[in-house]
Amino acid sequence: MTKEEREAKKQAKLDAKEEKAIAKRAELAQQIEELKKQIAAETDEKSKKKLRRQRDDLIAQREGIANSKDGMTIPMARKAKQAITAVISVVLVVALLCTYVATGAVRKGLLSYFGVPQSTFTAYTITDGDGNKHAVKVSTYNYYFAMKYNQIQSTKSQYEQYGIDLEGANLNVDFDKPFSKQTTTNDDGKTVTWSEYMQEEVAESIKNTYLYYYEAVAANDGKEPKMTDEQKDELKKTLKEYEDTAKGYGFTLSGYLTAAMGKGVTESVFRREYKIVCISENYQQELSDKLADQQYSNDKYKEYKKENYYDLKSVDIKLFECDSEDDAKAFKAALKADGSNFAALASKYSSSKWDKAQYKNSEETTYKDITIPTLKNMGVALATENEDKKTPNLDWLYSKDRKAGDIKQVSTTVVYVLKPVYMSNQKVVDVRHILIKPDVEDDESVTDATKKQWDAAYKKAKNILDQYKKGDKTSKAFGELAKKNSADSNANQGGLYSNVTPHQMVNSFDAWCFDSARKAGDTDIVKTEFGYHIMYFEGVGDLKVWEHAAQQSLAQDDSEKKIKELEDGYKIKTNWLGSRYFEKDTDIDS
């Protein structure tokens with residue numbers, strides 16, 4: 001292949017990825033808008049809160065798709081939102097400074113320019129659940145305003161690059177015109193000016209951030225908790241980048257931050273707010289984990305089982321989703337009564353070279369202990385709802401009338417029953433892994449790797465496993481190897497996945513985890529579309545899978561109730577005088 005052909009191939013892949021990114025963001029934008037309409041129409045506060053969290057999750061997904069300078073889609077450095085309302089991310093970008101540097105110097109007089117009112121006057125008074133009042137300075141408001149301003153401007157810029165409808169995404173704002181002269185729709189469906197919208201958003205961010213900050217201090221016997229070492233390093237790195245850039249503008253660091261983020265935002269303010277955000281986020285995560293781990297009595301689990309039996313029962317099946325209904329009909333017609341050629345047919349009717357090879361392995365089409373919610377999440381035709389929002393084909397599959405060997409074809413789905421409906425006693429499992437990916441180009445998928453690249457990845461995986469076997473052969477030792485070698489996002493956790501349930505992972509990974517012969521300390525190498533996984537079996541958990549589902553559902557309901565009580569206990573009130581010194585936009589409506 002010539003250099004020109006390689007470049008053309010690379011560009012074609014980049015274009016394809018960009019098209020997918022555009023389509024995905026457009027899809028997410030539409031879903032977000034639908035949720036906004038539901039939020040505006042919903043009267044029940046609990047339901048509204050749940051919808052808002054769904055909206056925030058979609059926004060996090062949408063903003064996880066960004067465009068790099070060379071056109072390749074990459075994930076943004078942004079944390080996914082947790083079950084509790086998230087605060088502004090502490091990961092900052094130097095590009096933020098470009099938004100504000102050109103602002104006017106004079107706004108409310110000389111003292112205002114030097115940030116005296118902003119550092120003195122109160123922006124908000126926050127009243128906590130015990131009735132204690134806390135003053136938040138205008139400089140804090142300006143810090144959060146800058147963060148929100150930059151977030152919206154950055155998102156709009158990305159949408160324009162992708163050609164996404166700004167009006168539909170509620171981002172049709174002109175940064176060269178006063179916010180007070182433009183309108184938008186808030187979360188309650190009301191038409192407000194962009195100035196009003198920004199103030200609402202900033203107030204909500206400040207309230208939620210400080211709420212969990214104050215709770216963190218209270219939970220630490222009244223002492224301010226410390227940031228993690230990683231957060232301290234990130235702050236140091238961020239300020240160093242700002243300081244280097246400031247010199248290019250002829251600013252001191254504090255002067256540059258003031259120009260970039262608003263009057264009153266000095267280095268000390270930046271450090272303080274950064275720390276508060278970190279402490280708040282850390283406590284939110286701790287509280288979320290604590291609430292999610294709540295345990296319940298056996299009677300509670302049995303009650304939940306009785307009320308949710310339809311969604312908890314299982315079947316064992318072989319299942320394949322064809323590319324067309326004609327293929328599915330041909331698949332069914334060729335399928336033997338004992339199902340022995342199911343894998344071969346799956347390979348035959350797969351459209352990609354990778355799938356044709358993988359589906360020869362029967363594990364790729366075998367689903368043991370699979371529940372109705374799992375099938376629905378897979379999005380197969382078999383689980384499609386009818387006009388009445390019912391799933392008659394799932395009713396057929398999970399009926400007591402089913403027997404082993406039953407076959408059904410629904411549109412593009414072919415299913416073969418291995419074991420009819422039952423209540424599983426399978427328990428959750430804990431497993432570690434080390435992911436070794438084939439060394440492909442950044443613009444290439446792992447499934448595009450050559451045999452040579454796969455062989456090299458396997459050799460590396462084998463060497464790491466051999467290194468483990470020559471050592472202590474303990475869970476801790478395996479975890480340390482995961483931290484050093486794994487390409488998975490959970491490497492820092494020693495490659496550990498806790499409370500794994502059937503079909504949470506891809507099929508071959510799942511099959512290894514739930515092999516009935518599996519015992520603590522087992523190791524192996526498993527191949528998936530992500531690469532080679534060096535496996536380590538920690539052991540079986542305490543709860544059955546359905547009990548774990550009950551615990552998660554009950555804990556989520558209780559968590560939402562407790563979080564709502566906590567958040568409702570805090571109130572925020574705007575100080576009129578302080579609000580006169582709020583940042584608005586780029587000073588154009590001073």
Side-chain angles (χ1 to χ4, degrees), residues 12-13 15-17 19-20 23-24 27 314-399 401-421 444-449 451 454 502-511 526-530:
K13 289 185 177 181
D15 292 342
K17 285 192 174 185
E19 288 177 6
K20 287 182 180 180
K24 183 60 177 177
E27 177 188 345
S314 298
V315 292
D316 293 353
I317 58 175
K318 289 182 178 292
L319 182 142
F320 184 72
E321 193 74 10
C322 295
D323 291 334
S324 69
E325 189 168 340
D326 287 342
D327 282 353
K329 289 178 179 178
F331 188 115
K332 181 188 177 185
L335 184 59
K336 295 180 180 179
D338 62 1
S340 58
N341 62 336
F342 199 98
L345 289 171
S347 175
K348 176 181 178 180
Y349 287 100
S350 294
S351 53
S352 74
K353 182 179 179 181
W354 167 265
D355 287 340
K356 284 184 178 298
Q358 286 299 103
Y359 279 118
K360 291 178 180 179
N361 179 357
S362 63
E363 289 178 347
E364 294 296 328
T365 52
T366 301
Y367 297 84
K368 293 185 178 180
D369 198 1
I370 191 167
T371 62
I372 288 174
T374 302
L375 274 173
K376 287 182 177 179
N377 288 336
M378 287 172 59
V380 294
L382 182 78
T384 302
E385 294 180 345
N386 60 20
E387 294 179 355
D388 298 325
K389 301 295 182 181
K390 297 185 181 300
T391 50
N393 295 307
L394 292 184
D395 291 341
W396 173 88
L397 180 59
Y398 287 84
S399 167
D401 297 332
R402 292 285 65 73
K403 59 183 183 298
D406 282 352
I407 301 171
K408 192 174 184 67
Q409 176 256 323
V410 178
S411 184
T412 52
T413 304
V414 179
V415 61
Y416 180 93
V417 179
L418 292 170
K419 182 178 179 181
V421 66
E444 290 184 322
S445 168
V446 168
T447 56
D448 293 329
K451 182 179 183 302
W454 275 107
H503 312 295
Q504 178 181 335
M505 306 298 185
V506 290
N507 279 21
S508 50
F509 191 112
D510 178 88
V526 173
K527 183 180 182 181
T528 75
E529 60 263 43
F530 299 104

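Model, not experiment: these values are computed from the prediction. Worth knowing before you read on, the calculation uses all heavy atoms, side chains too, and leaves out hydrogens, waters and symmetry mates.
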Partners meeting salt bridge (charged side-chain N to carboxylate O under 4.0 Å, His left out) with K403 (sequence neighbours left out)
D406

Who passes ring-ring contact (aromatic ring centres under 6.0 Å, His included) against W396, sequence neighbours left out?
none

Using side-chain hydrogen bond (donor to acceptor under 3.5 Å, both in side chains) as the criterion, list what pairs up with S314, not counting sequence neighbours.
D369

Counterpart residues, side-chain hydrogen bond (donor to acceptor under 3.5 Å, both in side chains), relative to K318 (two or more places apart)
T366

Please determine whether the number of non-hydrogen atoms from other residues, nucleotides or ligands lying under 6.0 Å from atom NZ of K336 exceeds 12.
no

What pairs with F509 under ring-ring contact (aromatic ring centres under 6.0 Å, His included), at least two apart in sequence or on another chain?
H433, H533

Taking side-chain contact (heavy atoms from CB on, under 4.5 Å) as the definition, give me every residue that meets it alongside A381, ordered by chain and number, with sequence neighbours left out.
E321, T384, S411, T412, T413

From F530 CZ over to T447 OG1, what is the distance, rounded to the nearest 0.5 angstrom?
10.0 Å

Salt bridge (charged side-chain N to carboxylate O under 4.0 Å, His left out) involving K390 - partner list, sequence neighbours excluded
none

Can you confirm whether the side chains of D448 and S445 place a donor and an acceptor under 3.5 Å from each other?
no

Per-pair distances, 0.1 Å, donor-acceptor, side chain in residues 357-364, under 3.5 Å, sequence neighbours excluded:
residue : atom : partner : partner atom : Å
N361    : OD1  : E363    : N            : 3.0
E364    : OE2  : S508    : OG           : 3.4

Side-chain donor-acceptor pairs of residues 370-380 under 3.5 Å, sequence neighbours excluded:
residue : atom : partner : partner atom : Å
T371    : OG1  : T374    : OG1          : 3.1
N377    : ND2  : P373    : O            : 3.3

With a 3.5 Å cut-off and sequence neighbours excluded, list the donor-acceptor pairs that the side chains of residues 323-331 form with protein atoms.
residue : atom : partner : partner atom : Å
D323    : OD2  : S351    : OG           : 3.4
S324    : OG   : D327    : N            : 3.1

Not counting sequence neighbours, which residues clear side-chain hydrogen bond (donor to acceptor under 3.5 Å, both in side chains) with D338? List them please.
S340

